[in-house]
A.B. asks: 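Provided herewith is a single structure, encoded as structure tokens, for subsequent inquiry.
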Amino acid sequence: MNKPNLKTDRTLTDINGRRLRYLRLSLTERCNLRCGYCYGSVDTPCNEPAGLTNPQIMRLVRAFAGLGFDKVRFTGGEVLLHGGIAELIEQTSATGGIAVVGITTNGLLLDKQLPRLIGAGLNRLNVSLDTLDSKRFQHITGVNGFERVFDAIQNAVKSRAFPRVKINTVIMRGVNDDEIGHLADWGLSNPIDLRFIEFMPTHRSGWGHARYVSEAEMKKTIGVPLEPVHDRAANRGPAITYRRGDSPGRISFISAVSRSFCGQCNRLRVTSQGQLVGCLFGDQRVDLRELVERNAPAKEIERVIVSAVRSPGFRREGLSTSVTSLKPRMRGLGG
Ligand code: SAM
């Protein structure tokens with residue numbers, strides 16, 4: 001079936017002239033891993049109030065599409081714990097104007113669901129993996145699941161359903177910094193994009209200068225000369241991407257602490273509780289839940305989004321995370 005042609009000339013820009021077109025929607029705070037730097041600790045319970053229903057989420061997706069958004073990523077928490085994720089992907093990819101539908105997952109439940117998700121229209125996939133060592137994986141995440149995640153990544157690559165499977169790897173001193181070289185080799189020698197993410201000072205992350213490893217230090221450790229990749233797709237987001245010679249793989253750096261990329265930011269976020277967020281490190285929230293719960297018309301939802309985006313301070317400009325004391329809860333916001 002063809003998508004309804006909802007194409008509009010509408011584009012949403014914020015007060016600093018940044019065009020917004022990418023929605024990151026957190027579906028749940030629940031997670032089946034307990035990475036200390038993200039969730040808190042191994043025994044942190046999750047007492048999440050009920051999130052939005054799928055029809056409510058789709059009302060939001062359609063409103064964003066009406067504002068010219070063409071990319072949606074579902075995240076969390078762990079998206080694959082959300083009931084009806086395949087239906088959400090299917091309906092999102094059938095929404096006029098939406099060209100890109102992605103998920104960020106820890107990969108634990110991916111293998112079983114992958115064919116269904118691809119069939120539903122999933123065309124971008126990010127899997128988080130901080131180590132290539134099975135014992136260390138268990139130490140970091142609290143779960144013995146390395147092989148499951150690794151196999152899922154390999155099968156996702158083989159499926160050829162994604163331009164490039166992206167691997168999200170947070171580097172922390174004393175946890176996995178001794179694997180930087182090995183991870184870079186793996187990233188460069190496989191048709192993937194391994195993204196080294198600087199450890200950020202988020203809620204209950206245990207962040208400290210002693211555990212933080214900068215992009216500059218990671219590059220020094222990798223040692224080999226890297227060539228920047230100049231294609232537009234690789235450089236649209238906060239990552240800076242490199243290859244080595246004609247390596248099949250790429251590695252990227254997402255360096256929110258050492259390098260501000262606010263100027264290129266094209267995204268808005270919605271939390272699992274339906275709060276609109278203009279910036280990962282922003283302190284303002286606008287409630288969209290009330291609107292979808294009372295079945296407000298798309299135009300009204302659009303108006304609320306536009307007015308939020310145009311209000312001063314909703315989207316920050318030029319602030320690096322190292323100078324803010326705000327500590328976002330990654331699992332509700334979806335990293
Ligand atoms: N469950 C999914 C997953 O594991 O990918 C999505 C949620 S997780 C919050 C999204 C990403 O945020 C993961 O790649 C995770 O490593 C990253 N993340 C969490 N806390 C972080 C921190 N303090 N600094 C940098 N990245 C972080």
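Each ligand, and each atom within it, is numbered from 1 in the order the structure gives. Along the sequence shown, residues are numbered consecutively beginning with 1.
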A.B. asks: With hydrophobic residues grouped by side-chain heavy-atom distances under 4.5 Å, do Val224 and Ile251 end up in a single group?
C.D. replies: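 Yes: a chain of side-chain contacts under 4.5 Å links Val224 to Ile251.
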A.B. asks: With atoms numbered from 1 as shown, which atoms in ligand 1 lie under 4.0 angstrom from a non-hydrogen atom of Glu198?
C.D. replies: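 The atoms of ligand 1 under 4.0 Å from a heavy atom of Glu198 are 25 (C).
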A.B. asks: Determine, for Arg62 against Glu302, whether the closest basic-nitrogen to carboxylate-oxygen distance falls under 4.0 angstrom.
C.D. replies: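 The answer is no: the pair does not qualify as a salt bridge.
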A.B. asks: Indicate, as side chain, backbone, both or neither, the part of Asn168 found under 4.0 angstrom from ligand 1 when only non-hydrogen atoms are considered.
C.D. replies: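 Side chain only; the backbone of Asn168 stays clear of ligand 1.
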A.B. asks: Do the side chains of Arg250 and Asp193 get close enough for a salt bridge, i.e. N-O under 4.0 angstrom?
C.D. replies: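 No, Arg250 and Asp193 are not salt-bridged.
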A.B. asks: Below 3.5 angstrom, do we get any N/O pair linking Met200 and ligand 1?
C.D. replies: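 Checking ligand 1 against Met200, an N or O pair does fall under 3.5 Å apart.
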A.B. asks: Indicate, as side chain, backbone, both or neither, the part of Asn106 found under 4.0 angstrom from ligand 1 when only non-hydrogen atoms are considered.
C.D. replies: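 Asn106 to ligand 1: contacts from backbone and side chain alike.
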A.B. asks: Polar-atom distance check: Ser205 versus ligand 1, any N or O pair below 3.5 Å?
C.D. replies: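 There is no such contact.
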A.B. asks: So, do Leu27 and Leu88 sit near enough that their side-chain heavy atoms are less than 4.5 Å apart?
C.D. replies: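 Yes; the side chains approach each other to less than 4.5 Å.
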A.B. asks: Is it the side chain, the backbone, both or neither of Asn126 that has a heavy atom closer than 4.0 Å to ligand 1?
C.D. replies: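 None of Asn126 does.
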A.B. asks: Are the charged groups of Asp151 and Lys158 less than 4.0 angstrom apart, N to O?
C.D. replies: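 Between Lys158 and Asp151 there is no salt bridge, as every charged N stays at least 4.0 Å from the carboxylate O atoms.
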A.B. asks: Against heavy atoms of Thr202, which atoms of ligand 1 measure under 4.0 Å?
C.D. replies: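 Taking each heavy atom of Thr202 in turn, ligand 1 has 22 (C), 23 (N) under 4.0 Å.
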A.B. asks: Aromatic rings Phe199 and Trp207: how do their planes relate, parallel, tilted or perpendicular, breaks at 30° and 60°?
C.D. replies: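 Ring orientation, 0 to 90° scale: tilted.
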A.B. asks: Of Leu80, Leu125, Val79, which meets side chain to side chain contact (heavy atoms under 4.5 Å, CB included) against Leu117?
C.D. replies: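 Of the listed options, the one satisfying the test is Leu80.
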A.B. asks: With only distance considered, is Glu78 within less than 3.5 Å of ligand 1 through an N or O on each side?
C.D. replies: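 Min N/O separation from ligand 1 is below 3.5 Å for Glu78.
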A.B. asks: Out of Pro201, Gly76, Gly77, whose heavy atom is nearest to atom 2 (C) of ligand 1?
C.D. replies: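 Residue with the shortest heavy-atom distance to the ligand atom: Gly77.
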A.B. asks: Considering the heavy atoms of Thr75, write down every atom of ligand 1 situated less than 4.0 Å from one of them.
C.D. replies: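 In order of number, 6 (C), 7 (C).
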